[in-house]
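Inspection log for the structure reproduced underneath, given as structure tokens.
Here the structure is a predicted model, which is why all the values come from computation and not from measurement. Every number for a ligand or one of its atoms is a count from 1 in the order of the listing.
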Amino acid sequence: MEKSNVEILYEWMDKTTEIIQKHEEEPYLDSLTTTMETLFYQDAPEAMDDILSQKVQNALKEIDFSTFKIEETRKGIQLAILKGMKDSTQQQHLMTPETVALLVGYLAKKVTTGKEKVSLFDPASGTANLLTTVISQLDQQVEAYAGEVDPTLIQLAVLNANLQQQEVEFFHQDSLRPFLLDPVDLVVADLPVGYYPDDIRANDFELKADEGHSYAHHLFIEQALNYTNAGGYLIFVIPDFLFESDQSDKLHSFMQENAHIVGVVRLPESAFKSEKNRKSILILQKAGQGTSSPKQPLLVKMPSFKNESAMGDILEQMNTWFTQYNSRELNNNE
Ligand code: SAM
């Protein structure tokens, strides 16, 4: 069987990364950034020693990158990152899976219907897989921003966006610190789950814990709302236990005060290794003048992504729900 372009690109990236990794004796993901840099500039990085540079130049001759479609590039990169993350990356730093990213993209499209331009921010951008997938789903002109604290992941993210010819402004920083950024129309984030170690910084948030470390995922929600326009939307990939944990009462009342819960989409069990890791998608609208809660929020339990007919039914239900929701928004604005 003939190989697909995605396979060809992945195999080339994997082979080149292994050559670099063997030479540099560093983690796969670090070598992968060098591979991606080489592919982007169509040249070996200047700082590389002669022996390795020669090998990388030879590898470059084996691939004509200009023949790959953006979608193929995105998927090829995804596979290489997945390989690099397989054994070494902590659960809360993992790349957002393709199916989940596509679903967030679908929801992003629905809540931005009718807008000519969209400003978009992912404060936990990781590899930028979620962000670039969402951008590729939106038909409008998108102005994109991303925040990420991890140096390797942000390098991967920048190169990922460059190779997909997407313009994104990256902030390499702790996203719970202030940003030099105006509020945006839409925030998307696959939230990092766990404790936030900086208690002093946490003090600036309403959602700080009364005692001990605060939950990073709670502070991220508050921070994301700080950088969203009134009436703008936020789509989060959240742990299923978000509304059941110890500090969840406080989170719930904070959300009621500052936002409207537009919907919760439960992701299928089959997409996660264990019950503990199960995730949902939470859609919020930041409260503002003229905004209101939907009569009935969108509450959906996704079937297995492999079950095409059940997926078709659910998508139809969601389309109907959004048609009603969006016409209500139009009426509100009249
Ligand atoms: N959507 C990303 C993707 O497609 O690769 C994955 C996001 S991952 C679940 C959560 C990310 O949040 C990780 O990349 C982690 O490094 C980042 N993170 C955790 N705490 C952070 C902080 N305080 N500031 C900025 N980024 C942070």
Taking atom OH as the centre, does Y195 end up with more than 12 heavy-atom neighbours from other residues, nucleotides or ligands that are less than 6.0 angstrom away?
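Incorrect, the count does not exceed 12.
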Is it the case that over 12 heavy atoms from other parts of the model lie below 6.0 angstrom from the OH atom of Y41?
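Incorrect, the count does not exceed 12.
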Nearest to [atom], what protein heavy atom do you find, and at what distance?
| atom | result |
| --- | --- |
| atom 10 (C) of ligand 1 | Q92 O, 3.4 Å |
| atom 7 (C) of ligand 1 | A124 O, 3.3 Å |
| atom 20 (N) of ligand 1 | P192 CG, 3.9 Å |
| atom 16 (O) of ligand 1 | E148 OE2, 2.6 Å |
| atom 1 (N) of ligand 1 | T96 OG1, 2.8 Å |
| atom 6 (C) of ligand 1 | L94 O, 3.3 Å |
| atom 27 (C) of ligand 1 | V149 CG1, 3.7 Å |
| atom 25 (C) of ligand 1 | S175 OG, 3.2 Å |

List ligand 1 atoms under 4.0 Å from [X], heavy atoms only on the residue side.
| X | answer |
| --- | --- |
| D174 | 22 (C), 23 (N), 24 (N) |
| Q173 | 24 (N), 25 (C) |
| M95 | 3 (C), 4 (O), 5 (O) |
| T127 | 3 (C), 4 (O), 5 (O) |
| D190 | 1 (N), 7 (C), 8 (S), 9 (C), 10 (C) |
| L153 | 14 (O), 16 (O) |

Quick test of your reading of the model: are [X] and [Y] salt-bridged, counting only N-O distances below 4.0 Å?
| X | Y | result |
| --- | --- | --- |
| R74 | E71 | yes |
| R201 | D174 | no |
| E222 | K208 | no |

Mind checking whether [X] contacts ligand 1 via backbone (N, CA, C, O), side chain (CB onward), both or neither, at a 4.0 Å heavy-atom cut-off?
| X | answer |
| --- | --- |
| L130 | both |
| A101 | neither |
| V237 | neither |
| F171 | neither |

Shared-cluster residues of I20, by chain and number - hydrophobic side chains joined below 4.5 Å
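Traced through the cluster, I20 reaches I19, M48, L52, V56.
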Kindly give the cluster partners of V149, where membership spreads through any ILVMFWY side chain lying under 4.5 Å from a current member.
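Members other than V149 - counting any ILVMFWY side chain reachable under 4.5 Å - there are none.
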Distance (rounded to the nearest 0.5 Å) between L131 CG and S125 OG
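With rounding to 0.5 Å, CG (L131) is 6.5 Å from OG (S125).
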Contact between S125 and ligand 1, counting heavy atoms under 4.0 Å?
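In this structure, S125 qualifies as a contact of ligand 1 - some heavy atom is under 4.0 Å.
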